[in-house]
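Just so it is clear, the structure is predicted and the values come from calculations on it, not from any experiment. Every chain is numbered from 1 and lettered A, B, ... according to where its sequence line falls, protein lines coming before strand lines.
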2 protein chains.
Amino acid sequence: MKKLTLEEVGKLAGVSRATVSRVVNGYPHIRPEIRERVQRVIDETGYRPNLLARSLASDRSNIIGLVIPSGAQAVFTDPYFPCLTQGIARGVNTNNLTLALFMVHSEQEEERTILSILGTGLVDGLIVTSDNKGDVFIPELLKHDMPFVQIGRSLYSNQVYRVDTDNVTGSYLATKHLLSLGYQRIATIATNRNCSGDDRFTGYANAFAEYGRTIDRRLVAYGDYGLESGYHAMRQLIPQRPDAVFVTSDTMALGALRALQEAQLRVPDDIAIVGYDDLPPAVQANPQLTTIRQPIEQTGFLAVATLVKILSGEPPESHEIVLPVELVVRASCGAVRMNAVETAGQTVSYPVNP
Amino acid sequence: MKKLTLEEVGKLAGVSRATVSRVVNGYPHIRPEIRERVQRVIDETGYRPNLLARSLASDRSNIIGLVIPSGAQAVFTDPYFPCLTQGIARGVNTNNLTLALFMVHSEQEEERTILSILGTGLVDGLIVTSDNKGDVFIPELLKHDMPFVQIGRSLYSNQVYRVDTDNVTGSYLATKHLLSLGYQRIATIATNRNCSGDDRFTGYANAFAEYGRTIDRRLVAYGDYGLESGYHAMRQLIPQRPDAVFVTSDTMALGALRALQEAQLRVPDDIAIVGYDDLPPAVQANPQLTTIRQPIEQTGFLAVATLVKILSGEPPESHEIVLPVELVVRASCGAVRMNAVETAGQTVSYPVNP
DNA sequence: CTTTTATTTGAGAGCGCTCTCAATTAGAAA
DNA sequence: TTTCTAATTGAGAGCGCTCTCAAATAAAAG
């Protein structure tokens with residue numbers, strides 16, 4: 001199978017390179033008879049256009065990049081990124097693009113990656129998952145005006161197109177749920193290095209405000225979305241005797257659960273717990289976690305759609321898309337006083353009205 | 001920041017395009033004085049070569065593709081792919097390549113993807129994760145002689161470069177461990193749609209053979225690596241009253257655990273269980289899983305290294321790299337009769353000698 | 001100082017495609 | 001039929017880089 005070019009296909013069909021190009025790209029204004037003849041040659045020879053040559057000539061690679069910065073080490077433990085990537089991949093396939101994956105492991109790799117992306121013409125645009133406050137990626141992209149869509153939120157949100165889930169409302173719902181259940185000492189395990197963490201704390205605070213309660217700072221501990229950090233944060237909270245805890249990620253909730261188990265505290269009898277994400281671990285946990293479900297895959301899909309719009313020159317009116325989330329009630333919050341096993345598969349969910 | 005070309009940099013430095021190209025690519029035979037002058041211009045202007053143009057001219061894109069076929073739906077629940085991808089990403093970064101991710105969701109997308117990859121010059125080579133017996137990808141690649149490395153095993157293993165972990169030995173170790181612990185009715189939850197599943201069953205059989213035992217077919221159930229399938233397989237096995245079960249993936253083991261719990265069977269007192277993979281779920285489980293640890297990330301890294309060798313024209317002597325695995329003993333097998341909590345973080349492991 | 005040889009540079013031909021523009025052909029109008 | 005317009009096709013100039021080959025320069029040898 002030697003290399004076929006437009007030129008050769010043209011020769012075979014008795015037309016010029018330009019005409020073949022038109023057929024390949026579905027242009028109008030071609031005599032049906034010619035089009036057919038060319039198409040036949042293409043089918044018979046199995047000709048495929050060289051994407052690199054096409055990209056070079058058209059100044060459009062149809063490759064978009066997905067950047068996962070070094071901060072996101074949770075890539076291993078957390079199904080979040082796989083889910084997101086899945087959605088992005090679906091978007092990419094739908095739009096006939098190619099996805100380039102840039103996973104950065106260290107700060108210096110970060111620098112190298114930025115350079116290799118910017119100004120090399122390789123990607124038309126980017127999807128960036130940076131949720132880290134101290135991130136250098138975004139400003140760099142802005143400076144080189146590389147088209148991109150951010151997943152999550154950043155300090156530069158106003159100048160940026162972004163897709164996010166409604167973290168504030170999510171946490172608000174989770175916390176309100178605990179409040180409405182009558183819990184008195186509702187702790188939280190938050191994070192403070194990223195924007196989604198801030199938002200989730202805001203939701204927690206909002207619910208407290210609505211109930212005329214004030215936040216007891218001793219009932220606030222911090223983690224980094226990792227399992228271990230949830231464990232340690234929970235150990236830190238236990239002496240404060242909370243009767244409920246809102247953990248801002250399921251993975252951390254799993255860690256917290258272990259800490260509680262160690263402390264011989266029963267969930268939800270001694271202490272209720274609500275997570276965030278509704279990823280598989282939430283169901284695998286014992287008891288199953290009441291948690292906030294967010295449409296992660298859809299987030300990825302919409303990010304691609306948004307980027308495509310931007311690249312096509314007709315950027316979306318709004319700079320942000322914020323997707324609704326919902327509360328999924330399972331056993332861990334004590335609303336349903338049953339054995340986890342019995343409630344397996346059964347899920348009560350309160351849809352959100354935005 | 002307008003577009004800089006070799007030509008312009010050359011003009012600025014008072015040399016020809018060719019000379020600049022030589023500097024950029026680190027060729028010898030350049031007067032140090034000139035090299036310096038050119039380099040200075042490059043630094044000052046921030047020139048970056050256009051990768052597409054380079055690829056077109058050199059017939060080498062330095063992009064390699066990672067193909068995750070539609071069969072691998074476990075992408076969500078299983079940290080396997082994230083881990084593997086991490087390793088591949090590291091390899092890619094190390095070798096100054098770019099990674100293109102092809103995630104296929106349906107059979108028809110599969111077809112489309114193959115076409116868009118083959119003969120378009122976009123990727124220099126591929127890493128394929130197909131472990132599915134009925135896969136069409138491999139033969140297609142072979143036909144178009146696209147360089148690739150397979151992760152896992154396939155029906156075409158002899159004609160293919162591949163990197164794999166030692167599934168046979170892994171299962172052998174797991175099963176032998178249970179046998180040596182004196183269990184009498186050792187069941188297994190296997191899989192039968194993929195090659196790694198076959199290998200794992202072989203290891204199970206090998207251990208039985210070594211102990212002069214024969215396999216009771218009623219103690220063999222099948223799953224598909226998914227959590228639910230483990231649950232159902234276990235339910236199917238329970239009536240056969242096994243006193244131990246070797247589950248060929250941690251994820252399925254989690255499902256099995258739930259089935260056992262439902263049946264009021266205590267682990268490991270009533271029934272011992274050993275998993276496979278040693279991914280985070282193994283530690284999160286209660287009791288923590290005795291399991292087989294395999295170097296997944298390294299698998300990905302080595303796959304890239306192998307592919308790079310192939311592309312450089314000096315293919316590795318051996319067609320396969322099989323990485324060693326090890327048994328990690330935790331609470332679920334009954335070898336360590338302790339509360340899972342007490343053994344948390346403590347891990348006894350028997351290194352494998354291949 | 002000339003001749004030979006090795007080093008260093010530049011010119012130029014592609015890589016395979018897109019896209020503009022002009023030429024050709026067909027169709028409509030006169 | 002002739003004229004004008006619109007539809008259809010081809011020629012050719014790039015896109016920015018690599019790479020061969022020959023020219024130019026410098027160094028070594030005679």
Task: Nucleotide D:dT8, atom C1' - distance to CZ of A:R22 in whole Å - done: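 Spelled out: CZ on A:R22 to C1' on D:dT8 is 8 Å.
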
Open item on the list: Less than 6.0 angstrom from the centroid, inside 45 degrees of the normal: does B:R22 satisfy that with respect to the ring of B:Y27?
Closed with: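 Judged by the rule, B:R22 and B:Y27 form no cation-pi pair.
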
Task: Which residue lies more 5' along DNA chain C, comparing A:L6 with B:T19 via nearest heavy atoms - done: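 In this pair, the answer is B:T19.
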
Task: Positional range of nucleotides in DNA chain C within the contact set of chain A, heavy-atom, under 4.0 Å - done: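 Going 5' to 3' along DNA chain C, contacts run C:dG16 to C:dT20.
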
Would you say the side chain of [Y] lies within less than 4.5 Å of the side chain of [X], judging by non-hydrogen atoms?
X      : Y      : result
B:P316 : B:I310 : yes
A:Q39  : A:E36  : no
A:L115 : B:R48  : yes

- [ ] Report the secondary structure of DNA chain C in dot-bracket form, marking unpaired bases with a dot and bases paired to a different strand with |, and treating Watson-Crick or G-U pairs with both distances under 3.5 Å as paired.
- [x] ||||||||||||||||||||||||||||||

Scan [X] against the nucleic acid and name what it touches under 4.0 Å (heavy atoms): base, sugar-phosphate only, or nothing.
X     : value
B:I30 : sugar-phosphate
A:D59 : nothing
A:P28 : nothing
B:I34 : sugar-phosphate
A:L52 : nothing

- [ ] Please determine if A:E314 and A:K309 form a salt bridge, counting it only when a charged side-chain N lies under 4.0 Å from a carboxylate O.
- [x]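 No, A:E314 and A:K309 are not salt-bridged.
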
Output yes when a side-chain donor or acceptor of [X] lies under 3.5 Å from a complementary backbone atom of [Y], and no otherwise.
X      : Y      : result
B:D124 : B:S61  : yes
B:R162 : B:G152 : yes
A:N93  : B:M103 : yes

- [ ] Would you mind telling me which residue lines up with the more 5' stretch of DNA chain D, B:Y47 or A:H29, judged by nearest nucleotide?
- [x]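 Looking at DNA chain D, the more 5' nearest nucleotide goes with A:H29.
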
